[in-house]
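Below: the structure, in structure tokens.
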Amino acid sequence: MKKIINKLKTIKYKEKLKLVFNKVRDFFILNRSYIFMFISLFILDISTRIATDSIGFIDYFSYEPNLFSVLWILFIVLLTKCLKNVYGKLIYGLFFGFSFVMFLVHNLYYVYFKIFFDFSVLSAASEGSSYLLDTLKDIKLWMYLVMIISVIFMVLTYKYFNRNKKSNLRYAIIVSVLFVVFHSMIPVTFGSATTTLEWNAWGNRRNVYNTFNDNNKSMELVGLFEYNFRNIYVTFIRSEDKGDEESLTFLDEIFNEEVTPHKNNYTGLFEGKNLILVQLESIDKFLTTPEVMPNLNSLRSHAINFLDHYSFVNGGGSTFNSEFMVNTGYATPYTYNQNAYTFSKNNFDYSLPNLFKSVGYTVNAFHMNSSEYYSRGVNYKNFGYNSYNGLKDMDMYKDNKNYQLDSELLLNEEFNAKIFNMENPLNNNFVSYIITYSAHTPFTKNRGVCNMLLTEEQINDETYQPSELDCLKIQAGETDKMIGLLMDNLKEKGLYDNTVVVLFADHYVYTIGDKTILSSYKDTETNLINHTDLLIWSSDLKRVDVKKATSQLNILPTLLNLFNLYSHPNYYIGEDALDDAYSGLVFFNDYTWYDGKRYVNANGEIVKGLNATPDYISLTSTKINNLIKKNDDVLKANYFKILKNKQTTNS
């Protein structure tokens with residue numbers, strides 16, 4: 001009896017399985033065109049994100065991009081299901097064709113530039129049209145495979161397309177409304193945008209989506225389909241806050257003025273020489289002593305030494321803010337919240353790299369961190385550099401933390417060859433912008449760079465407990481070692497007498513925990529705490545000490561004059577610090593200012609230093625207010641783009 005019952009159960013289960021199988025088969029047959037449609041599109045998106053997963057912002061299997069991609073595909077699938085056969089085929093064909101072309105464009109563009117395509121570059125499309133066939137030669141094998149698979153499923157989609165004889169507009173409207181509703185809900189899952197100037201706002205997913213100015217992060221965050229349409233929206237449709245008419249008139253008056261730069265004893269002094277800028281992470285003034293940094297100090301006898309220099313902190317991400325100021329001549333906005341790295345689509349035709357490139361220089365930037373950090377890859381391309389190079393982007397450093405050591409920037413053979421332009425067969429002049437790291441927090445025996453630099457004996461010795469200051473000096477010593485290697489390489493490569501080296505700090509060492517260390521070395525009650533070092537070295541110089549107050553905003557105009565590239569002084573915020581007409585002026589993010597003789601607060605009250613007439617205080621404060629307005633209005637209006645359009649129209 002049991003055998004019979006078991007046999008009946010087996011038959012029953014088989015019948016159930018067969019029934020399920022038949023239902024699945026029937027469902028597949030009935031909806032196969034939609035399933036093929038889904039596969040033909042989704043493979044374009046997911047393969048793109050997998051192939052570029054090294055960007056490292058979010059994983060390709062994260063919910064955000066997959067939600068967007070699935071939503072877009074379901075929208076097309078359901079829309080074609082509601083429409084008459086011919087209209088459904090047209091909708092799918094247009095969407096598939098556009099997505100297929102953009103798949104190829106994005107991935108080829110990424111192969112060449114390590115950044116995804118942006119519709120804003122169409123204005124320069126004619127310049128690259130002659131290279132189109134050359135780029136097609138670089139299609140990767142995986143791209144061919146994806147395209148073949150996608151086309152196969154596209155053909156199958158059309159073969160089994162629905163036979164609808166008429167459209168159901170009511171359902172089409174419902175599908176469209178549901179798409180809009182769900183589409184608007186997905187960004188909410190990213191969390192709140194950061195509205196304050198926090199240093200790490202570049203990694204906030206809602207900020208990335210709202211601004212949509214970092215192509216790589218945006219693609220990883222939203223996927224291929226959302227990226228394409230949102231990029232079109234941001235580029236061509238979304239209205240931008242370009243400032244009011246009064247602001248544009250204010251800028252027109254400044255930029256239309258014919259201002260001839262003053263010629264002085266330093267004009268063109270370094271014309272035709274190479275240039276290496278070294279931005280020193282956290283190298284405070286009290287660290288640049290012969291005891292802590294002998295290599296740096298050995299350069300002073302052949303350098304222009306700016307003794308009253310200030311690397312002020314303005315906005316979030318103080319390191320990148322210094323990079324932004326030195327490269328563009330502008331600071332993070334004073335009067336509204338927007339981080340420097342969000343201006344990656346502004347025009348900076350008069351930046352440091354663009355002006356040197358205009359006279360034939362090769363320009364490259366180097367750092368330990370990846371191209372995604374602070375969106376440097378995107379921003380340095382926009383500044384005008386040929387490339388941004390991060391040690392962390394190299395496979396050899398995935399399990400090797402030596403990238404934190406500044407000396408590695410020169411010991412790495414690939415970086416070394418590129419820094420000194422050894423790869424260029426024409427051997428033309430070069431600019432290399434190097435950003436150090438080793439003096440970065442933490443300053444402790446057990447973690448970070450200090451731990452890496454201590455001997456095993458020191459680490460295991462429990463009686464050896466270096467202070468924060470001890471570790472800071474050890475880490476600054478590693479940066480100084482890199483400076484020594486830099487100078488040795490210049491000699492070895494025959495570049496010593498034809499290269500200018502600029503050394504400056506990104507900011508004072510505000511990350512140190514024991515603030516009494518700072519107060520024992522410098523004024524910590526005012527913004528004069530930002531006092532740091534700046535020197536410009538060349539082997540043929542005799543020591544010059546400049547006592548006028550300077551900041552990061554003076555570096556670009558000063559260098560442009562030294563290299564005879566300073567043609568539009570009114571295009572910048574700072575002035576040539578070596579000009580006799582420049583008396584010295586630094587202003588900070590709270591509207592306080594310092595002219596080398598007195599420190600004045602935002603209310604026009606002298607806090608420290610010599611007295612001055614009310615007229616002088618008033619005129620200087622007014623000048624600073626105008627400079628801040630100029631700075632912020634230029635960035636908000638993307639004024640150099642407006643200026644370029646005017647020049648193009650008038651030419």
Side-chain angles (χ1 to χ4, degrees), residues 260-279 298-306 326-329 348-366 380 383-387 389 410 415-434 483 485-504 534-544 546 550 554-569 571-572 574-580 582:
T260 304
H262 296 129
K263 300 291 182 180
N264 54 54
N265 293 334
Y266 295 95
T267 302
L269 183 65
F270 299 147
E271 187 173 3
K273 288 194 174 189
N274 304 310
L275 173 63
I276 297 178
L277 299 101
V278 185
Q279 180 173 299
S298 68
L299 303 180
R300 293 192 188 279
S301 59
H302 292 282
I304 305 170
N305 301 278
F306 295 84
V326 173
N327 280 291
T328 69
F348 294 113
D349 280 348
Y350 295 88
S351 67
L352 182 147
N354 275 326
L355 288 174
F356 276 90
K357 275 172 66 176
S358 71
V359 291
Y361 280 67
T362 298
V363 290
N364 293 296
F366 306 87
Y380 273 80
F383 290 160
Y385 282 91
N386 295 112
S387 70
N389 305 272
L410 292 165
F415 265 49
N416 188 293
K418 207 163 188 177
I419 286 172
F420 299 104
N421 204 33
M422 295 293 104
E423 296 178 331
N424 195 326
L426 298 177
N427 201 29
N428 61 304
N429 289 110
F430 66 89
V431 173
S432 289
Y433 194 102
I434 302 172
I483 294 172
L485 288 172
L486 177 70
M487 303 311 294
D488 289 343
N489 270 271
L490 288 175
K491 291 177 182 177
E492 292 167 7
K493 292 175 169 61
L495 299 169
Y496 189 79
D497 293 324
N498 193 40
T499 302
V500 176
V501 178
V502 181
L503 300 169
F504 61 96
L534 165 64
L535 63 89
I536 301 174
W537 174 92
S538 182
S539 63
D540 54 354
L541 280 176
K542 291 183 179 180
R543 178 168 182 150
V544 176
V546 177
T550 58
N554 293 103
I555 295 177
L556 178 53
T558 303
L559 288 176
L560 293 180
N561 181 62
L562 285 164
F563 283 83
N564 205 22
L565 295 171
Y566 194 37
S567 57
H568 297 285
Y571 283 15
Y572 303 96
E575 300 176 47
D576 171 16
L578 297 174
D579 197 298
D580 293 337
Y582 176 71

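Keep in mind it's a predicted model, so treat the numbers as computed, not measured.
- A side-chain donor-acceptor contact under 3.5 Å links S351 to the backbone of N354.
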L355 vs F563, side-chain contact (heavy atoms from CB on, under 4.5 Å): CA-CA, chis, key distance, verdict
CA-CA 10 Å; L355 288 174; F563 283 83; over 6 Å; no
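- With hydrogens and angles left out, the side-chain atoms of N264 and N561 include a donor and acceptor closer than 3.5 Å.
- Annotation: side chain of F270 is in contact with side chain of L541 (closest heavy-atom distance under 4.5 Å).
- V502 has its side chain within reach of L534: a pair of non-hydrogen atoms, C-beta onward, lies under 4.5 Å apart.
- The number of heavy-atom neighbours closer than 6.0 Å to NE2 of H262, taken from other residues, nucleotides and ligands shown, is 12 or below.
- Side-chain atoms of N386 do not come within 3.5 Å of backbone N or O of N364 as any donor-acceptor pair.
- Contact check for N498 versus N429: side-chain heavy atoms found under the 4.5 Å cut-off.
- The shortest side-chain heavy-atom distance between L578 and L562 falls under the 4.5 Å cut-off.
- Under the ring pair (Phe, Tyr, Trp, His ring centres under 6.0 Å) criterion, F306 pairs with no residue at all, not counting sequence neighbours.
- Of the N and O atoms on the side chains of N274 and N421, not one donor lies less than 3.5 Å from an acceptor on the other residue.
- Side-chain contact check for K493 and N416: at least one donor-acceptor pair (N or O, by modelled atom type) lies under 3.5 Å.
- Annotation: side chain of F430 is in contact with side chain of L495 (closest heavy-atom distance under 4.5 Å).
- Side chains of D576 and T267 form no contact here, defined as non-hydrogen atoms less than 4.5 Å apart.
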Report the C-alpha separation of V363 and L352 in whole Å, then their side-chain angles, then the decisive distance to 0.1 Å, and conclude whether the side-chain contact (heavy atoms from CB on, under 4.5 Å) test is met.
CA-CA 9 Å; V363 290; L352 182 147; 5.7 Å; no
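- Here the side chain of H302 pairs no donor or acceptor atom with the backbone of W537 at under 3.5 angstrom.
- Residues K418 and N389 come closest through the heavy atom pair NZ-OD1, 3.2 Å.
- I304 places none of its side-chain heavy atoms less than 4.5 Å from the side chain of T558.
- Relative ring orientation between Y380 and Y385 is described as tilted, the plane-to-plane angle lying within the 30° to 60° band.
- V544 places a side-chain heavy atom less than 4.5 Å from the side chain of Y266.
- Below 30°, between 30° and 60°, or above 60°: for Y566 and Y572 the angle between ring planes is between 30° and 60°, a tilted geometry.
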